[in-house]
Amino acid sequence: MSDETPFRYTAAMAQDIELAWQDVWEDTGAFNAPNPAGPWAQPDEVAALGSKMLVLDMFPYPSGAGLHIGHPLGYIATDVFSRYHRMQGKNVLHALGYDAFGLPAEQYAVQTGQHPRKTTEDNIVIMKRQLRRLGLGFDERRTYATIDEDYYRWTQWIFTQIRESWYDPSVVRADGSLGAARPISELVSALAEGTRSVPEMAGRAWSELSAVEKARVLDAHRLAYTSEAPVNWCPGLGTVLSNEEVTNDGRSERGNYPVFRRNLRQWMMRITAYADRLADDLDRVEWPEKVKIMQRNWIGRSTGASVHFPVVPVTGPRAGEPTTIEVFTTRPDTLFGATFMVLSPEHPLVESLVPEGDWPVGTHDSWKGADSGATGTPREAVTAYRRAASRKSDVERQIEEKDKTGVFTGTWATNPLTGEAIPVFVADYVLMGYGTGAIMAVPAGDERDFEYAVKFGLPIIDVVAPAGPDGQVAEGWEGTVAAGAAFTGDGIAINSANADVSLNGLPMAEAKARITAYLQEQGIGAGTVTYRLRDWLFSRQRYWGEPFPIVFDSDGIAHSLPDSMLPLTLPDVPDYSPKTYDPEDAASEPEPPLSRVPEWVEVELDLEDGRGLQRYRRETNTMPNWAGSCWYYLRYLDPANSDALVDPANERYWVGPQSNPVPDAPAGTRDPGGVDLYIGGVEHAVLHLLYARFWHKVLFDLGYVSSEEPFRTYFSQGMIQAHVFRDDRGQPVPAAEVEEHGEGAEATWTWRGQPVTRELGKIGKSLKNAVSPDEMYEAYGADTLRIYEMSMGPLELSKPWETRAAVGSLRFLQRLWRNVVDESTGSVRVVEEEPDQALTTVLHRTILGVREDYEALRFNTAIAKLIELNNAVTKLAAPPRSVMEQLVLMTAPVAPHIAEELWRRLGHEGGLSRGPFPVGDASLIVEDTVTCIIQIKGKVRDRVEVSPAIGEAELRDLVLAREKVVAATADGIRTVIVRAPRLVNVVPV
RNA sequence: GCCCCCGUAGCCCAAUGGCAGAGGCAGGCGACUUAAAAUCGCUCAAGUGCGAGUUCGAGUCUCGUCGGGGGUACCA
């Protein structure tokens with residue numbers, strides 16, 4: 001310990017300063033944001049502030065594992081941004097709550113017998129303390145957790161609103177487009193009055209329907225409904241999962257257990273009703289293009305046509321009655337080339353197309369199925385194939401080669417344009433879950449169909465040929481059979497004509513338009529749009545989630561609980577665990593924990609619907625984790641409001657549509673409103689962000705919010721990665737104990753004497769490379785950690801963590817400190833003299849640059865500019881007060897504790913969370929001379945000091961007179977490019 | 001396979017189409033110290049993965065290619 005510098009800024013001093021200022025902030029409510037209305041209405045305070053700004057973080061799950069240094073990255077970024085804007089007098093709302101329902105707490109409860117509420121609340125306390133130590137400026141009044149009864153009361157209320165609504169495609173919205181959620185009561189009235197009918201009524205009058213039938217009709221339209229549908233059943237977790245929670249290889253995203261398709265009655269959300277709006281409105285928000293693409297892909301809208309292929313069933317009750325196989329195609333222009341059809345193994349029509357008895361005469365052996373040889377019958381072959389397909393788990397389908405398999409059904413359909421009989425196959429490369437589960441196969445125009453046709457010896461007719469330079473069919477094209485591959489690109493239609501219609505010679509777009517019109521005219525088909533997006537599976541067989549505010553009557557009809565019965569609280573249960581099974585046991589049945597509390601499940605209630613006291617059975621599933629995180633940003637706006645999820649005036653103020661659309665929005669776009677800045681990782685790109693947008697749009701349609709989108713601006717942060725060291729068995733070893741030898745490309749690493757390899761990976765306990773924020777506070781302080789994380793590189797990129805590099809950030813703060821405080825005496829050492837012109841120039845250039853950087857989230861370059869200015873001051877004998885004050889203010893967003901402390905020591909009272917923030921003056925950026933570079937043909941050949949105010953003509957003359965220029969231009973000059981005062985480029989002949 | 005992002009000093013990263021370096025780490029030298037750590041000062045270091053093209057001029061724009069990362073995949 002040195003006695004000579006007792007006032008040096010060290011980690012220990014940083015700790016004292018940081019803790020003290022965190023107390024001050026808490027005591028003064030420094031980050032409280034006033035509301036215009038609602039229980040906390042402070043309209044005068046709102047009016048006294050400038051414009052509003054709502055900054056949002058990803059909703060954290062309070063894990064018991066503790067934070068590592070990767071977790072707070074986004075929180076630091078939003079805090080810097082919030083502080084910067086707050087210092088400029090804006091009303092900044094930045095708050096943090098907790099997404100506290102969920103599996104880990106429940107699994108921990110199962111292991112320890114502790115109530116999940118207890119462990120969850122304990123974890124929240126721990127996490128709050130860790131985050132507070134970082135100096136994050138949250139409005140502490142606005143924190144809550146999704147497990148709070150007065151929070152999930154509203155989650156249940158929103159669910160009820162969604163369930164009591166349907167999507168009316170004929171409603172004209174304010175912007176003139178069609179379709180919106182409306183109360184289901186409107187549908188009931190219209191059906192009762194007969195002004196509307198729906199196919200589910202099968203032509204009967206509403207009054208003729210029984211209660212059960214009415215409920216079934218309405219369920220076909222409600223935005224939240226129960227359905228017996230194939231779902232993702234995960235025996236290992238004992239619950240069902242949404243499509244989004246299942247990985248590509250057919251396993252659970254959480255736990256990596258096998259997932260099976262099962263028919264089970266489950267709650268669904270009709271998100272597909274919003275598919276178009278969810279896709280279209282991406283144009284109106286400011287999000288990374290990458291994330292927009294991921295959402296568009298997930299929604300998977302594709303436009304094409306549905307086409308009916310005549311076919312005559314050969315068995316079953318409808319045998320002999322002509323019907324059609326409906327297919328969806330994005331290439332109706334290739335319909336003349338459809339030489340066979342394929343149904344998915346699950347397609348309902350398959351059964352009726354398989355003839356009894358033997359194969360039709362002449363059926364090729366390869367069409368009769370893999371193992372049947374020439375002996376089996378069509379029924380045996382098809383049944384065997386379908387059984388094999390159904391037994392394949394999704395995992396097996398993925399692992400298998402994409403080798404085409406299939407079986408001929410024994411029946412031919414008719415190509416509606418050519419009149420040709422085309423064979424119908426069953427093959428598992430056609431999926432029941434997409435389109436109609438049946439395709440027309442055009443081998444010449446589709447790679448998969450081509451492969452299948454080649455394997456099964458089916459005809460291939462070229463219907464599109466590549467276009468030559470003249471826009472006609474390219475000369476010398478030998479066709480797809482000769483090429484050995486389908487032609488899937490844009491081209492010119494050929495071989496595509498019958499007596500009524502010809503596409504020949506047309507490019508793809510025109511061919512599509514003409515044939516679609518023709519199909520429509522003939523009643524064979526119509527233009528259609530299909531989506532990859534499926535309705536959202538919304539129930540889980542878990543304990544630790546929001547109970548559904550739903551009861552079933554003795555007929556099994558679901559009823560929403562009235563508002564007065566909310567919240568429906570979660571009862572205690574004898575056992576928190578759902579019944580889990582052998583992960584491979586596909587035949588197991590879900591059994592939710594709540595079903596084991598009969599006194600809670602069986603109730604007698606008056607639902608205030610005029611039916612009086614009735615016996616009911618409660619829904620025993622719970623909502624998925626996404627429910628609470630679908631609307632949490634709205635509750636920050638008015639967390640104490642017990643009359644509404646958010647007061648409409650508060651909603652309008654904080655997230656209402658703004659007067660200007662976001663940058664790059666199409667001309668004429670109306671602003672959708674939403675959060676001003678949302679920072680988070682890309683892992684939520686399709687799940688959380690899509691679900692929340694859907695709920696928000698329902699709330700908008702129903703008039704509860706004025707904004708059409710929840711997240712107006714979204715920024716996707718990169719990941720902090722860390723080196724992973726592995727021993728010769730490939731096991732990670734503790735990164736902190738690894739020694740490095742040599743440097744650069746020659747570097748090697750050892751752990752306890754044995755050589756280890758190094759790679760870059762995620763941070764985590766299992767990889768033994770986690771560094772906790774607490775270690776960093778101890779060694780450097782929170783401000784240094786904040787500066788280091790923000791200066792590592794662009795926020796959107798992933799960057800490797802290197803603890804030893806953080807010392808650079810500490811040194812910066814030490815130099816900043818030393819420029820204000822004498823390290824040996826503790827006295828303030830700034831002088832009252834004004835800075836000279838050179839420093840004034842650096843100062844104002846810095847202010848202008850730093851402001852731009854903060855606004856654009858370029859914190860790494862902002863910090864570099866602050867360091868540069870500080871280094872310039874360090875070189876002086878005495879730091880000018882005016883410069884240091886402005887530097888301290890500019891540093892405050894990234895390193896708020898030290899900035900507060902220095903600001904106080906510089907003699908200012910009252911803290912600086914509300915500023916001021918320096919304003920730069922471009923006119924004070926004055927330089928005596930600037931260096932003009934002189935290029936000959938673009939290469940730098942000379943330079944000259946000139947006045948920054950030099951005119952173009954003067955500079956040109958000056959440069960042309962230079963010796964090197966004269967020498968280089970002996971043969972004359974072609975052109976001279978002058979960019980006064982910095983550059984002249986002379987191009988000789 | 002397809003789509004997106006990134007390749008600049010040993011490392012992390014800057015650079016409105018205009019002198020490749022803002023900032024940091026590491027390294028080297030020096031100061032301070034009995035010594036070390038810490039701190040301070042100075043310093044070394046790449047022609048921008050590779051190949052074409054556009055341009056008076058390319059790290060930056062275009063095309064191709066290689067490498068790394070991410071997304072997605074029989075989606076008709």
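Below, all heavy atoms of this structure are taken into account, side chains as well, without hydrogens, waters or symmetry copies. Reminder, nothing fancy here: chain letters follow the sequence lines and each chain counts from 1.
- The nearest whole Å value for the distance from the CZ atom in A:Phe715 to the C1' atom in B:rC5 is 13 Å.
- More than 12 heavy atoms of other shown residues, nucleotides or ligands fall within 6.0 angstrom of atom NZ in A:Lys292.
- Residues A:Lys799 and A:Ile863 both approach RNA chain B. Their nearest nucleotides, taken by heavy-atom distance, put A:Lys799 toward the 5′ side.
- Of the charged side-chain nitrogens involved, at least one lies within less than 4.0 Å of a carboxylate oxygen, so that A:Asp853 and A:Lys865 count as a salt-bridged pair.
- Protein atom CD of A:Gln295 is 15 Å distant from nucleotide atom C1' of B:rC4, rounded to whole Å.
- Side-chain atoms of A:Ile69 and A:Tyr788, non-hydrogen and from C-beta on, never get closer than 4.5 Å to each other.
- Heavy-atom distances under 4.0 Å link RNA chain B to A:Val807, A:Gly808, A:Arg811, A:Gln814, A:Arg815, A:Arg818 of residues 807-822 of chain A, given in residue order.
- Distances were taken from every side-chain heavy atom of A:Pro794 (C-beta onward) to each of B:rA76, B:rA14, B:rC19; the shortest belongs to B:rA14.
- A:Ala805 comes within 4.0 angstrom of sugar-phosphate atoms only, judged by non-hydrogen atoms across all strands, and of no base.
- A cation-pi geometry, defined here as NZ or CZ lying under 6.0 Å from the six-membered ring centre and within 45° of its normal, does not hold between A:Lys404 and A:Tyr452.
- Regarding contacts with the backbone of B:rA14, a side-chain N or O of A:Asn860 is found under 4.0 angstrom from either OP1 or OP2.
- Under the 4.5 Å side-chain criterion, counting only non-hydrogen atoms from C-beta, A:Met792 is in contact with A:Trp801.
- Relative ring orientation between A:Phe425 and A:Phe340 is described as perpendicular, the plane-to-plane angle rising above 60° on a 0-90° scale split at 30° and 60°.
- Using P as the reference atom, B:rU16 and B:rC11 are 23 Å apart when rounded to the nearest Å.
- Between the CZ atom of A:Phe328 and the P atom of B:rA76 there is a distance of 7 Å, given to the nearest Å.
- A:Leu335 has its side chain within reach of A:Leu519: a pair of non-hydrogen atoms, C-beta onward, lies under 4.5 Å apart.
- Under the Watson-Crick or G-U wobble criterion, with both distances below 3.5 Å, B:rG1 is paired with B:rU72.
- Taking atom CD of residue A:Glu796 and atom P of nucleotide B:rG70, one finds them 17 Å apart after rounding to whole Å.
- B:rU62 and B:rG7 have their P atoms separated by 14 Å, given to the nearest Å.
- Residues passing the side chain to side chain contact (heavy atoms under 4.5 Å, CB included) test with A:Val940, sequence neighbours excluded: A:Ile933, A:Gln935, A:Arg943.
- A:Lys937 comes within 4.0 angstrom of sugar-phosphate atoms only, judged by non-hydrogen atoms across all strands, and of no base.
- For A:Gln935 and B:rG57, a side-chain-to-base donor-acceptor distance below 3.5 Å is absent, hydrogens and geometry of angles not being considered.
- With its glycosidic angle within 90° of 0, B:rG47 is assigned syn.
- Proximity note for A:Ile933 (side chain, C-beta onward) versus B:rG18, B:rG23, B:rA20: the nearest is B:rG18.
- Residues A:Ala806 and A:Gly938 both approach RNA chain B. Their nearest nucleotides, taken by heavy-atom distance, put A:Ala806 toward the 5′ side.
- Atom C1' of B:rC32 sits at a distance of 8 Å from the matching atom of B:rU39, rounded to the whole Å.
- Computed from coordinates, the A:Lys939 NZ to B:rG17 P distance equals 19 Å when rounded to whole Å.
- Annotation: B:rG49 and B:rU60 have their P atoms spaced 8 Å apart (nearest Å).
- Contact annotation: A:Asn871 side-chain N/O to B:rG24 OP1/OP2 distance is under 4.0 Å.
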Show the numbers, then the answer: is there a salt bridge (charged side-chain N to carboxylate O under 4.0 Å, His left out) between A:Glu927 and A:Arg845? CA-CA 11 Å; A:Glu927 284 163 307; A:Arg845 190 174 282 150; 3.4 Å; yes
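- The separation of B:rC44 from B:rC29, taken at their C1' atoms, amounts to 10 Å, rounded to a whole angstrom.
- With B:rU72, B:rC13, B:rC25 as the choices, the nucleotide that has an atom nearest any side-chain atom of A:Arg532 turns out to be B:rU72.
- Using P as the reference atom, B:rG71 and B:rC25 are 34 Å apart when rounded to the nearest Å.
- If you check B:rG18, B:rC19, B:rA76 against the side chain of A:Leu983, the one that comes closest is B:rG18.
- Distance, A:Arg845 CZ to B:rU16 P: 14 Å, rounded to whole Å.
- A gap of 7 Å separates the C1' atoms of B:rG59 and B:rU8, to the nearest Å.
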Could you list all N or O pairs between the protein and nucleotides 6-9 of chain B that sit under 3.5 Å apart?
none

Evaluate A:Ile460 against A:Thr339 for side chain to side chain contact (heavy atoms under 4.5 Å, CB included), listing each step before the verdict. CA-CA 7 Å; A:Ile460 298 170; A:Thr339 55; 6.0 Å; no
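- A 3.5 Å limit on both hydrogen-bonding distances identifies no Watson-Crick or G-U partner for B:rC32.
- Contact of A:Arg943 with B:rC19 (side chain to base): a donor-acceptor pair of N or O atoms is detected under 3.5 Å.
- The side chain of A:Arg8 sits closest to B:rU39 out of B:rU39, B:rC75, B:rC25.
- Between A:Tyr429 and A:Glu451, the closest side-chain pair of non-hydrogen atoms is not below 4.5 Å.
- Nucleotide B:rG7: paired with B:rC66 (Watson-Crick or G-U wobble, both distances less than 3.5 Å).
- When both pairing distances are held under 3.5 Å, B:rU16 makes no Watson-Crick or G-U pair with any nucleotide shown.
- B:rG59 is unpaired under the Watson-Crick or G-U wobble criterion, no partner having all donor-acceptor distances under 3.5 Å.
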Dump the intermediate steps for side chain to side chain contact (heavy atoms under 4.5 Å, CB included) on A:Val464 and A:Met508, then the final yes or no. CA-CA 8 Å; A:Val464 181; A:Met508 181 163 71; over 6 Å; no
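- Contact annotation for A:Thr329: backbone-only contact, meaning every heavy-atom pair under 4.0 Å involves sugar-phosphate atoms and none involves a base.
- Comparing B:rC12, B:rA22, B:rC74 against the side chain of A:Thr861 picks out B:rA22 as the nearest.
- Between A:Phe725 and A:His723, the angle of the ring planes lies from 30° to 60°, which puts this pair in the tilted group.
- Put simply, NZ on A:Lys290 is 14 Å from C1' on B:rU72, counting in whole angstrom units.
- Nucleic acid contact class of A:Thr330 (heavy atoms, under 4.0 Å, all strands): sugar-phosphate only.
- Counting to the nearest Å, the P atom of B:rA15 and the CZ atom of A:Arg858 are 8 Å from each other.
- Side-chain atoms of A:Ile867 lie closest to B:rG24 of the nucleotides B:rG24, B:rG41, B:rC75.
- Using a 4.0 Å heavy-atom criterion, one finds that A:Ile977 contacts the bases of the nucleic acid, with or without backbone contacts as well.
- The same atom, C1', is picked in B:rA14 and in B:rG51; the two are 27 Å apart, to the nearest Å.
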